[in-house]
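Worksheet: the structure to be examined is printed underneath.
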Amino acid sequence: MSITPFPKHGRSRPDILAHMQTLRQRDLNWQEGKVFSLVFYAGEEANQVIHDAYNLFFSENGLNPTAFPSLRQFETEVVGMSAALLGGDAQVVGNMTSGGTESILMTVLTAREWAKTHKPHVQQPEIVLPLSAHPAFAKAAHYFGVKAVRTPVGADLRADVTAVTQAITPNTILIVGSAPSYPHGVVDPIAELAALAQQHEILCHVDACVGGFMLPFVQKLGYAIPDFDFRVPGVTSISADLHKYGYAAKGASLILYRNRDIRRHQLFADTDWPGGIYASPTMAGTRPGGAIAAAWAIMQHLGEEGYVQIARQVMETAVALRQGIAQIPGLKVLGDPPMSLMAIGSDDLNVYEVGDEMGLRGWHLDRQQFPPSLHLTVNYAHIHQKDAFLQDLAAAAAAARKPALRKLGNSLILGAARTATRILPAKWVSRLTGKASGLVGASGDGLPQRSAAMYGMMGSLPNRGDLHEVVLDLVEQFTEAADGKP
Ligand SMILES: *Cc1c(COP(=O)(O)O)cnc(C)c1O
């Protein structure tokens with residue numbers, strides 16, 4: 001790792017800000033509505049509200065609920081309003097967390113601790129995860145020593161209830177369903193999964209991280225959305241991210257439980273510390289007051305009417321995009337996503353090539369695997385972009401269909417990589433992966449503009465164990481980059 005010298009002298013505020021603005025120029029420009037992940041935006045006025053609220057509570061700390069009763073009230077009301085939105089009654093309790101991942105970590109930890117009381121025979125707790133469930137569940141299983149049992153999804157890309165049923169063992173403590181799943185935007189059969197959990201007297205978590213602040217409003221607009229929340233018997237907890245379709249500032253999510261008895265297993269207290277009795281409900285110690293305050297403020301600002309109004313425009317855009325994509329030769333939307341997330345796949349085109357072509361046209365779309373697809377999270381930032389998007393997508397698909405020397409190069413790299421990973425140790429594969437990303441055309445700052453070959457390779461490696469190490473190598477590289485150099 002290269003050493004960054006610790007600054008000896010302080011710098012002025014304008015100097016620092018100017019420097020940061022310069023660095024920022026290389027970042028994704030999401031304001032144009034051409035980025036389909038990572039950023040959620042509800043318009044300039046709403047953005048101003050969360051900025052102001054965040055700044056007002058910029059210094060306050062949510063760690064100690066008695067020190068800042070204002071923050072405590074915001075959090076209690078955010079939990080209460082969200083419980084009401086998600087079909088909860090007065091029994092429902094919950095906490096704000098830093099994001100979907102922390103909410104999911106909490107639900108898995110809670111299940112493990114709950115099982116110690118309610119399933120004392122379980123030595124090696126297992127959670128059943130449909131393949132499409134978010135990696136945060138695998139992360140939680142990894143962190144907390146729980147076994148993640150992955151089950152296939154059906155042809156419709158939703159959790160396969162038969163497969164989940166067969167995966168249940170005497171050690172199973174939790175069943176997970178998504179509303180909707182991130183990769184394909186489809187809603188799992190929550191009622192069946194929850195009934196299964198009830199039948200086996202285990203817990204059932206609904207991951208509504210991305211849908212929690214969208215599906216209820218989409219339902220109110222009259223779109224056909226089956227119940228997915230606390231109205232469904234057997235659902236014991238729900239995660240919902242305020243910093244996605246809740247349009248709150250980042251660092252705001254919720255973990256909700258059907259009742260206090262279940263949530264009890266989440267709580268932590270250390271009574272023996274010389275620093276005093278220390279207790280905390282979630283992973284975090286210090287919690288940014290701004291994120292809590294901004295979440296409360298945006299809910300007050302938009303209200304149900306505001307959220308419904310935004311959801312209407314987002315859904316009109318999503319429906320238009322679905323219809324438009326279906327009309328482009330070679331492209332299709334995978335499954336039947338009822339909300340505003342979708343994946344674009346193809347039976348005869350290399351969608352990674354289509355993604356590269358879209359990248360050259362300024363659109364940022366995430367690449368997915370099994371099957372190869374491009375991901376869209378449609379939100380308010382995109383409502384004026386649908387025609388431009390569809391036009392460029394049609395052109396990108398046509399370009400991907402044309403034969404090109406580069407594609408031959410891609411398939412050669414792919415073939416070489418497939419052979420190599422059968423015989424080479426992980427370190428070599430790592431270098432090869434780096435090579436491949438370089439070969440397919442690195443732009444000036446080292447980020448590959450064309451990634452089709454790399455993604456094609458990653459998705460089809462015969463030895464996924466090596467890939468795991470390759471990816472960890474990349475994580476190290478990204479976290480050790482100095483001077484903003486990737
Ligand atoms: C975003 C998301 C998560 C994880 O949330 P983070 O805020 O990124 O930690 C989990 N599940 C689903 C379905 C999501 O969309």
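Please read these numbers as outputs of a predicted model, since none were measured by experiment. One-based numbering along the sequence shown. All values below come from the heavy atoms of this structure, side chains included, with hydrogens, waters and symmetry mates left out. All ligand and atom numbering here is 1-based and tracks the order in the structure.
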Is the closest N or O pair between Tyr182 and ligand 1 shorter than 3.5 Å? no

Distance from atom 11 (N) of ligand 1 to nearest protein heavy atom, with residue and atom: Asp207 OD2, 2.6 Å

Which atoms of ligand 1 sit under 4.0 Å from any heavy atom of His243? 7 (O)

Within-4.5 Å side-chain heavy-atom neighbours: Ser181 and His134: no

Using distance alone, decide if ligand 1 has a nitrogen or oxygen within less than 3.5 Å of any nitrogen or oxygen in Pro180. no

Who's the nearest protein heavy-atom neighbour of atom 6 (P) of ligand 1, and how far? Gly100 N, 3.4 Å

Please write down residue, atom name and distance for the protein heavy atom closest to atom 14 (C) of ligand 1. Lys244 NZ, 2.9 Å

May I ask you to decide whether Glu75 forms a salt bridge with Arg287, counting only side-chain N to carboxylate O separations under 4.0 Å? yes

Pairs of nitrogen or oxygen atoms closer than 3.5 Å, one from Asp241 and one from ligand 1: do any exist? yes

Of Leu254, Ile310, Ile298, Leu302, which is the lone residue that meets side chain to side chain contact (heavy atoms under 4.5 Å, CB included) with Phe213? Leu254

Residue of the set Phe36, Tyr41, Phe389 for which ring pair (Phe, Tyr, Trp, His ring centres under 6.0 Å) holds with His382: Phe36

Dump the intermediate steps for ring pair (Phe, Tyr, Trp, His ring centres under 6.0 Å) on Phe57 and Phe74, then the final yes or no. CA-CA 11 Å; Phe57 287 85; Phe74 296 148; 5.2 Å; yes

Between Thr286 and Asn61, do the side chains contain an N or O donor and an N or O acceptor separated by less than 3.5 Å? yes

Using a 4.0 Å heavy-atom cut-off, say whether Glu102 meets ligand 1 through its side chain, its backbone, both or neither. neither

Atom 9 (O) of ligand 1: the protein heavy-atom neighbour that sits closest, reported with distance to 0.1 Å: Thr101 OG1, 2.5 Å

Does a side chain donor of either Glu126 or Thr169 reach within less than 3.5 Å of an acceptor in the other side chain? yes

